[in-house]
Number of protein chains: 2
Amino acid sequence: MQFQLTKEFIENLRESLDNRSEEQVLNLIGELHAADVAEIVEELEVEEAKVLYSYLSAEKASEVLINIDEDIRDKHIASFTSKEIAEIFIENLESDDAADVISVLPEREREEVISNIENLEQAEDIVDLLSFDEGTAGALMGKELVQVNENWSIKQCIREMRKQAETVDNIYTVYVVDDHEKLLGKLSLKKLLTAAAGKKIADLYDVGLKSCQTYTSSEEVANMMEKYDLVALPVLDELGRLVGRITIDDVVDVIKEEADKDYSMASGLSETVESTDNIWVLTRARLPWLVLGLLGGVLGARVIGIYEHDLKIMPEMAFFIPLIAAMGGNVGVQSSAIIVQGLANNSLGFGGIFQKLGKEFSVALLNGFVCALLILVYNLISSDSLILSYTVSISLFSVIIFAALFGTLVPLLLDKYKVDPALATGPFITTVNDILGLFIYFLVGRMFYV
Amino acid sequence: MQFQLTKEFIENLRESLDNRSEEQVLNLIGELHAADVAEIVEELEVEEAKVLYSYLSAEKASEVLINIDEDIRDKHIASFTSKEIAEIFIENLESDDAADVISVLPEREREEVISNIENLEQAEDIVDLLSFDEGTAGALMGKELVQVNENWSIKQCIREMRKQAETVDNIYTVYVVDDHEKLLGKLSLKKLLTAAAGKKIADLYDVGLKSCQTYTSSEEVANMMEKYDLVALPVLDELGRLVGRITIDDVVDVIKEEADKDYSMASGLSETVESTDNIWVLTRARLPWLVLGLLGGVLGARVIGIYEHDLKIMPEMAFFIPLIAAMGGNVGVQSSAIIVQGLANNSLGFGGIFQKLGKEFSVALLNGFVCALLILVYNLISSDSLILSYTVSISLFSVIIFAALFGTLVPLLLDKYKVDPALATGPFITTVNDILGLFIYFLVGRMFYV
């Protein structure tokens with residue numbers, strides 16, 4: 001059903017592109033969806049891609065462009081002149097996509113492209129959209145929508161809708177506004193189909209429409225649309241006037257990006273990278289966390305160094321260093337992940353920090369008890385040293401409890417001070433709990449045999 | 001803009017519910033969206049929730065029910081009789097939601113509920129939907145949609161659409177079928193609004209509509225809808241007949257669940273848990289991974305035990321045990337996370353396993369070199385033992401390379417053998433790399449001073 005990209009396909013296409021055989025190229029990709037063509041174009045060199053764009057209609061070329069991965073898209077855009085960008089791409093894109101494309105250009109080129117847009121209304125819309133901060137509803141919304149005035153009749157309304165529908169790909173909702181453009185509600189297709197032609201919109205529209213402001217954060221927009229199962233969300237300005245709408249396809253991207261970002265953070269990747277990125281990008285995303293781990297390791301070495309004398313008295317203590325460190329890390333990551341996910345999904349409940357710590361404490365008591373017991377049984381069977389057996393179990397129990405509390409507390413505190421709590425998961429929590437665990441381990445050990 | 005649940009609100013509501021004061025309850029929640037009421041109901045005891053449902057219209061009550069978290073919903077459903085479930089809830093739900101509710105009931109109650117549904121057509125739709133396996137398009141789709149025959153005129157089409165629209169909440173797409181119910185294409189609202197009343201649908205509809213089969217997996221459905229920016233996807237049976245459609249709101253849930261599941265796995269949680277779950281559920285989700293970590297720790301202890309003699313010769317080697325173990329774990333998690341995310345997003349590219357291993361190898365060389373150098377400089381400054389300095393750096397370099405290759409290979413292999421690659425991330429990779437790292441460390445150490 002879905003198009004499956006193969007190496008052979010790309011090789012064929014490349015050959016046809018190199019031969020400048022428009023017919024062969026169009027034979028290969030002519031029938032494909034723009035999103036599929038975009039996947040293909042991502043595999044080509046910039047020069048090859050440029051040839052391919054030239055064989056497509058401006059409309060298809062711009063649809064392809066907007067579906068390409070951002071990093072690659074920026075390179076493609078840079079290979080065109082301002083005039084080409086305006087005429088081939090921008091004029092065929094919806095306002096939000098056009099603004100996305102233009103926003104990556106340097107200031108001067110940006111102005112050049114905008115001055116080359118023939119449709120003045122479209123240029124105004126784009127300039128308008130470019131003024132909103134990234135990460136807000138204003139930057140996410142498009143200007144294309146269908147709106148009708150409450151004072152119109154059904155007949156007048158259908159006439160206007162025909163006109164407006166020209167520029168709108170998917171209508172989804174017909175918005176009803178008053179004479180001052182203030183959003184009043186929506187007109188359902190059902191009512192539009194069933195009402196008499198002379199009826200006025202004011203008597204027909206539904207109120208209680210969910211909406212957001214231009215400055216609402218994209219996370220909140222995503223949460224709202226997900227929670228209320230919306231496919232389109234109208235955006236209002238400070239005066240309650242309808243200035244745009246956000247469609248679900250853009251929000252699905254936001255939801256995916258958020259989830260991917262949290263996952264990356266938890267895995268010790270400082271940016272969302274893909275396995276297809278180049279080696280330098282992949283290294284850059286990973287090295288900072290590895291250096292943090294290194295620092296933790298050095299501190300761990302210092303902690304053990306402090307207790308070097310004790311290690312000489314009971315060298316078997318070294319055996320269980322990895323166990324203690326690993327368990328502290330595992331428990332910490334588990335606890336922080338639950339909090340981070342709860343914060344992201346808005347599902348933490350409304351208990352305070354102390355209630356959450358209390359609960360984690362109970363869970364940790366249970367987990368700690370089971371784990372400490374298991375390792376005690378193992379050690380009693382396999383080790384000759386009673387002291388070592390007790391030391392390992394008691395410190396494991398303590399480490400599990402401390403790591404759980406710590407893993408819960410840190411993301412909650414970060415969130416309170418408006419820092420991304422996902423920072424707390426992964427390598428950070430693991431590293432800190434490693435050191436904490438070692439301290440506890442040797443402290444308990446010393447208590448036993450001094 | 002969005003409703004914010006507070007502790008005070010719940011206390012007020014509880015009091016009103018306990019006093020059986022219908023008016024006060026409706027004052028509190030009457031104007032709220034069903035999704036907000038659902039959030040509230042999740043905080044109530046089952047008995048309180050039951051009182052609340054009885055104050056709502058059957059329509060609102062069922063909308064609330066379908067928005068509740070699944071675990072809690074199951075408990076609520078269990079508190080009603082089969083007759084009540086059918087009459088209050090099922091009759092007011094769309095077919096896919098109704099099937100979801102019924103599917104959690106035991107076999108006998110399921111039949112009772114279905115036999116209590118008055119609308120025979122609805123009952124048939126539900127029985128039909130219940131026959132599909134979970135995780136397939138068939139189980140995800142709803143039967144409600146608007147379809148028109150290619151042989152109808154615009155006028156006839158609008159008349160039929162009015163009728164069908166009664167049962168459909170959101171129309172999205174008007175599907176065009178032939179006399180055998182085979183899907184041909186879609187009729188755009190634009191064309192419907194602009195065409196003459198006498199025109200035939202056959203001359204107006206657009207072809208090339210994306211569709212899926214009843215047996216298509218929900219992951220593939222989600223990927224398709226995301227990639228092609230669809231709000232609704234028609235589902236076909238083996239004969240190409242239109243049997244249902246999947247809407248984007250259900251798919252957003254699938255996307256979220258998938259992402260949450262991968263995140264949980266990477267964090268060592270065997271099921272998707274929320275911080276509001278009870279202590280037993282939270283413990284059960286975490287203990288298996290902790291026991292795995294314990295096992296790894298015991299194996300690690302054994303590895304060190306083998307080299308006990310070496311430790312006595314060079315006790316400072318113990319200092320860097322946590323560093324080696326932690327770095328192996330961190331690198332492994334990073335590598336596997338990139339693969340798991342690539343597999344989930346279908347963005348791995350089409351290079352083979354060896355190409356990916358080659359790339360990881362290059363990244364690991366870079367990372368390994370930097371980290372080994374950093375720790376060498378530290379050790380040369382702070383430690384008296386040249387042998388220890390070299391041992392730590394060389395083994396760290398080797399551990400980083402092995403962990404990266406291992407972290408890449410395991411998820412790719414799991415995926416090849418149809419096991420969820422997310423299983424490979426988090427505690428599993430960390431634990432295995434801990435042990436691997438210790439082996440390498442002591443092996444290198446022995447090479448130096450024997």
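Naming convention: chains lettered A, B, ... in sequence-line order (proteins, then strands); numbering from 1 in each chain. Reckoned from all heavy atoms, side chains included, excluding hydrogens, waters and symmetry mates.
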> Judged by atom type as modelled, is there a donor-acceptor pair below 3.5 Å linking the side chain of B:Q334 to the main-chain atoms of A:S267?
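Between the backbone of A:S267 and the side chain of B:Q334 there is no qualifying donor-acceptor contact (under 3.5 Å).
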> In the structure I gave you, are the side-chain heavy atoms of A:Y228 and B:D36 within less than 4.5 Å of one another anywhere?
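A:Y228 vs B:D36: side chains touch.
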> Non-hydrogen atoms of chain A under 4.5 Å away: do they reach the side chain of B:I248, the backbone, both or neither?
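Answer is side chain: those atoms of B:I248 sit under 4.5 Å from chain A.
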> Answer yes or no: is there a side-chain heavy-atom contact under 4.5 Å between B:Y378 and A:V298?
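Heavy-atom side-chain distance check passes, below 4.5 Å.
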> Rounded to the nearest 0.5 Å, what separation is found between the CG atom of B:D253 and the CD atom of A:E226?
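Interatomic distance, B:D253 CG to A:E226 CD, rounded to 0.5 Å: 6.5 Å.
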> Hey, does B:Y263 have a side-chain heavy atom less than 4.5 Å from the side chain of A:D262?
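Sidechains of B:Y263 and A:D262: in contact.
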> Using non-hydrogen atoms only, which part of A:S335 is less than 4.5 Å away from chain B: side chain, backbone, both, or neither?
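For A:S335, backbone and side chain are both near chain B.
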> To the nearest 0.5 angstrom, please state how far the CG atom of A:N367 sits from the CZ atom of B:R286.
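Those atoms lie 6.0 Å apart.
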> Pick one of side chain, backbone, both or neither for B:V363, based on which atoms fall under 4.5 Å of a heavy atom in chain A.
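Contact with chain A is through both the backbone and side chain of B:V363.
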> Decide yes or no for A:F319 and B:R302: does some side-chain heavy atom of the first lie under 4.5 Å from some side-chain heavy atom of the second?
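No, too far: nothing below the 4.5 Å cut-off.
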> Is chain B contacted by the side chain of A:I171, its backbone, both, or neither, given a heavy-atom distance below 4.5 Å?
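Contact with chain B: side chain only.
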> What is the distance from atom OG1 of B:T247 to atom CG of A:D229, rounded to the nearest 0.5 Å?
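Separation between the atoms: 7.5 Å.
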> Please state whether the side chain, the backbone, both or neither of B:D250 comes within less than 4.5 Å of a heavy atom of chain A.
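Neither part.
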> Quick one: CG on B:L269 to CD1 on A:I338, what's the gap to the nearest 0.5 Å?
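Result: 5.0 Å between the selected atoms.
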> Got A:L282 and B:K359 here, is their nearest side-chain heavy-atom distance under 4.5 Å?
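The answer is yes, as the side chains (C-beta and beyond) meet within the 4.5 Å cut-off.
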> A side-chain contact here means heavy atoms from C-beta on lying under 4.5 Å apart; do B:H33 and A:K210 qualify?
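In contact.
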> With a 4.5 angstrom heavy-atom cut-off, is it the side chain or the backbone of B:E42 that approaches chain A, or both, or neither?
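Neither part; nothing is under 4.5 Å.
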> Please classify the contact of B:L438 with chain A as side chain, backbone, both or neither, using a heavy-atom distance under 4.5 Å.
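The answer is the side chain of B:L438.
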> State the CH2-OG distance between B:W280 and A:S362, to the nearest 0.5 angstrom.
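Separation between the atoms: 14.0 Å.
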> Select one option (side chain, backbone, both, neither) describing which atoms of B:V331 are under 4.5 Å from chain A's heavy atoms.
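Backbone plus side chain of B:V331, per the 4.5 Å heavy-atom cut-off to chain A.
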> Under 4.5 Å heavy-atom distance to chain A, tell me which part of B:L299 shows up: side chain, backbone, both or neither.
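No part of B:L299 comes within 4.5 Å of chain A.
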> What part of B:I255 is in contact with chain A, defined as an atom under 4.5 angstrom from a non-hydrogen atom: side chain, backbone, both or neither?
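Side chain of B:I255 only, per the 4.5 Å heavy-atom cut-off to chain A.
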> Give, for atom CD1 of A:I321 and atom CD1 of B:I321, the distance between the pair rounded to the nearest 0.5 Å.
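Between atom CD1 of A:I321 and atom CD1 of B:I321 there are 4.5 Å.
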